[in-house]
Amino acid sequence: MSKGKIFSGIRPTASSLHLGNYFGAVANWVKLQDDYEAIYCLVDYHAIIEDYDKDALSDRVLNMAADLLACGIDPQQSILMFQSAVPEHTELAWIFNAITSYGDLQRMTQFKDKSENKEFVSAGLFNYPILMAADILLYHTTVVPVGDDQDQHVELTRGLARRFNSRYGDYFAEPETIHTEAPRIMSLADPTSKMSKSLGEKHFISLFESEDSIHSKIRSAVTDTGLQTDEMSPGVKSLFTLLKLSAPESVYAGFETDYQEGTLKYVALKDAVYEHLVSLIQPIRQRREGMSMEEVRRVLDDGSERARAQAQVTIKTVKQKIGLP
RNA sequence: AGGUCCGUAGCUCAAUUGGCAGAGCACUGGUCUCCAAAACCAGGGGUUGGGGGUUCAAGUCCUCCCGGGCCUGCCA
């Protein structure tokens with residue numbers, strides 16, 4: 001039987017991947033490669049719709065590609081590409097603009113969140129779900145692995161596929177989302193917020209930063225705040241999550257028992273998280289170090305070329321269907 | 001294109017008739033804590049969007065430019 005087809009993107013807004021990217025998305029991307037035909041895309045056209053550093057962007061694309069390869073994305077198996085190398089993304093997005101209702105976009109909660117209290121809101125920020133729909137449908141993707149914050153956008157994508165099909169004749173399959181068991185990794189300094197580069201230096205741990213820095217960030221992780229309750233505090237829960245992801249089950253179970261018996265020393269938990277985390281990411285760090293950027297560039301160009309071949313077929317058909325010469 | 005309001009620290013803002021650029025939050029360090037948090041103590045942080053001008057003295061006044069918000073007009 002034929003494999004399903006996956007498309008997933010990541011914005012090259014930082015110079016390297018952090019633990020949230022890794023456990024929340026990339027680790028799953030690596031696993032999914034075996035069961036699906038996958039396209040993983042650095043979505044640089046998405047990166048430019050909000051403030052960004054033009055001098056850093058192209059290096060970020062390359063560096064994140066290198067990070068992804070180090071994490072185990074296999075360019076023999078999957079396609080690793082960058083968006084702006086395949087102009088058909090924006091071409092299809094424009095076409096989808098014509099069948100997207102203004103109201104649908106206004107209802108996007110992410111747009112409402114991001115545009116609130118911002119003095120410059122680009123039209124691109126408003127339109128971005130359309131580009132995302134184009135990214136997905138351009139390759140006849142059947143499965144989209146995303147966090148639940150992207151559900152609404154995938155739902156729009158399904159709606160656009162349906163609307164296109166009913167106006168111009170069946171063509172696009174409606175992609176399904178899959179939610180892997182991927183946990184949301186929280187900021188250690190503020191365990192009620194998702195780990196993110198944009199919150200500031202304290203709020204994320206890069207896969208590639210120094211061990212000292214990782215250690216001190218974990219050591220200073222917020223644990224209990226305010227009054228004691230029966231519930232495990234978000235900060236402690238977050239540390240347990242990281243331990244579960246990085247340590248053997250027996251180690252995890254030991255700490256859990258300590259917690260339940262009230263004998264847990266948070267320092268011990270933190271140091272265990274640090275040690276297991278570092279040994280888990282050690283091989284990734286080593287692969288990343290040995291990587292040549294020329295090779296990464298070649299992989300990206302090759303992936304983008306293969307993707308483009310598929311994209312061109314889609315665009316050609318779409319243009320015919322909608323009546324363009 | 002016209003009208004109008006605005007631009008001061010990472011963020012929100014203050015600075016008298018023109019008179020030493022400041023506060024809160026955030027950040028960094030310390031005390032405390034198993035680690036953190038809270039609290040307290042200390043610290044770093046600025047081309048006041050940019051150029052020119054008036055003045056003994058400009059964040060403040062004049063002028064041009066850049067950027068942004070709102071309104072109107074025009075446009076494929």
Side-chain angles (χ1 to χ4, degrees), chain A residues 13-15 18-20 48-56 60 90-91 93-100 102 106 111-127 130 184-206 209-247 251-252 254-278 319 322-325:
Chain A
T13 49
S15 47
H18 59 62
L19 293 178
I48 64 170
I49 62 175
E50 292 178 90
D51 285 345
Y52 75 103
D53 180 351
K54 77 178 165 58
D55 298 318
R60 284 176 175 177
T90 48
E91 202 171 356
W94 180 257
I95 292 167
F96 283 169
N97 262 290
I99 62 167
T100 306
Y102 182 74
Q106 269 184 318
F111 174 74
K112 286 191 276 192
D113 287 348
K114 286 194 169 191
S115 60
E116 201 179 13
N117 302 324
K118 217 176 200 185
E119 39 178 42
F120 184 84
V121 177
S122 73
L125 183 63
F126 185 67
N127 276 306
I130 298 179
R184 268 161 69 94
I185 305 300
M186 308 307 279
S187 157
L188 291 178
D190 174 9
T192 60
S193 304
K194 198 164 98 170
M195 181 174 285
S196 149
K197 184 108 182 169
S198 59
L199 290 175
E201 186 64 32
K202 293 198 308 185
H203 293 274
F204 68 93
I205 292 176
S206 161
E209 70 187 78
S210 78
E211 294 185 10
D212 280 353
S213 172
I214 294 176
H215 190 242
S216 84
K217 282 179 180 178
I218 291 173
R219 265 301 181 93
S220 60
V222 169
T223 54
D224 296 333
T225 56
L227 297 171
Q228 296 268 346
T229 59
D230 292 340
E231 288 256 311
M232 190 185 277
S233 65
V236 178
K237 199 178 285 179
S238 201
L239 288 166
F240 269 104
T241 301
L242 289 173
L243 191 66
K244 181 155 211 148
L245 290 165
S246 57
V251 173
Y252 177 82
F255 279 102
E256 205 172 38
T257 306
D258 288 348
Y259 177 81
Q260 272 153 14
E261 289 171 356
T263 58
L264 177 61
K265 292 274 178 280
Y266 290 141
V267 175
L269 174 62
K270 286 176 173 182
D271 284 344
V273 168
Y274 165 72
E275 273 162 38
H276 289 100
L277 213 47
V278 165
K319 281 180 158 179
I322 67 177
L324 290 169

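Source: prediction; values computed, not measured. A note on names: the letters A, B, ... follow the listed sequences, proteins ahead of strands, and every chain is numbered from 1.
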Exercise. Mind listing the closest non-hydrogen atom pair of I49(A) and S122(A) along with its distance?
Key: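 That closest heavy-atom pairing would be O-OG, 2.8 Å.
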In whole angstrom, what separates [X]'s [atom1] from [N]'s [atom2]?
| X | N | atom1 | atom2 | value |
| --- | --- | --- | --- | --- |
| Y274(A) | A36(B) | OH | C1' | 19 Å |
| D190(A) | A38(B) | CG | P | 11 Å |
| K237(A) | A36(B) | NZ | P | 22 Å |
| F120(A) | C6(B) | CZ | C1' | 16 Å |
| D53(A) | G10(B) | CG | P | 16 Å |
| I218(A) | A37(B) | CD1 | P | 15 Å |
| W94(A) | A76(B) | CH2 | P | 15 Å |
| D271(A) | C34(B) | CG | C1' | 11 Å |

Quiz item: What do you reckon, is NZ of K319(A) surrounded by more than 12 foreign heavy atoms closer than 6.0 Å?
Solution: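 No, not enclosed.
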Quiz item: In terms of ring plane angle, is the pair F111(A) and F126(A) parallel, tilted or perpendicular, where the classes change at 30° and 60°?
Solution: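 Because their plane-to-plane angle is over 60°, the rings of F111(A) and F126(A) count as perpendicular.
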Exercise. Before giving the answer on ring-ring contact (aromatic ring centres under 6.0 Å, His included), spell out for F255(A) and F240(A) the whole-Å C-alpha distance, their side-chain angles and the decisive distance to 0.1 Å.
Key: CA-CA 8 Å; F255(A) 279 102; F240(A) 269 104; 7.1 Å; no
Exercise. Assign each of A189(A) and A221(A) to its nearest nucleotide of RNA chain B by heavy atoms, then name whichever residue's nucleotide is nearer the 5' end.
Key: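 Taking each residue's closest nucleotide, the earlier one in sequence belongs to A189(A).
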Quiz prompt | Whichever of E119(A) and L264(A) has its nearest RNA chain B nucleotide further upstream toward 5' | solution =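 Between the two, 5'-proximity favours L264(A).
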Quiz prompt | Spacing of R184(A) atom CZ and K194(A) atom NZ [to the nearest 0.5 Å] | solution =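 Here the interatomic distance stands at 5.5 Å.
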Distance check, [atom1] atoms only: [N] and [M], in whole angstrom units.
| N | M | atom1 | value |
| --- | --- | --- | --- |
| C71(B) | U63(B) | C1' | 26 Å |
| U12(B) | U72(B) | C1' | 32 Å |
| A15(B) | C20(B) | P | 14 Å |
| A14(B) | U31(B) | P | 38 Å |
| C25(B) | C40(B) | P | 9 Å |
| G46(B) | C13(B) | C1' | 15 Å |
| C65(B) | A1(B) | P | 11 Å |
| G22(B) | U8(B) | C1' | 10 Å |

Exercise. Verify, without hydrogens or angle tests, whether H215(A) (side chain) and E211(A) (backbone) share a donor-acceptor contact under 3.5 angstrom.
Key: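 No; zero donor-acceptor contacts below 3.5 Å.
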Exercise. With the side chain of V267(A) defined as its heavy atoms from C-beta on, choose the nearest nucleotide among G68(B), A36(B), C35(B).
Key: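 Shortest atom-to-atom distance from the side chain points to C35(B).
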Exercise. Looking only at side-chain atoms of Y266(A), point me to the closest of C35(B), G68(B), U28(B).
Key: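 From the listed options, C35(B) comes nearest.
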Residue matched to [N] through Watson-Crick or wobble contacts both under 3.5 angstrom:
| N | value |
| --- | --- |
| A39(B) | U31(B) |
| A1(B) | U72(B) |
| G7(B) | C66(B) |

Quiz item: Think K202(A) has a side-chain N or O under 4.0 angstrom from the OP1 or OP2 of C27(B)?
Solution: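 Answer yes for this pair, as a side-chain N or O of K202(A) is under 4.0 Å from OP1 or OP2.
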Quiz item: If you take atom types as modelled and just measure distance, does the side chain of K265(A) reach the base of C35(B) with a donor-acceptor pair under 3.5 Å?
Solution: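 No.
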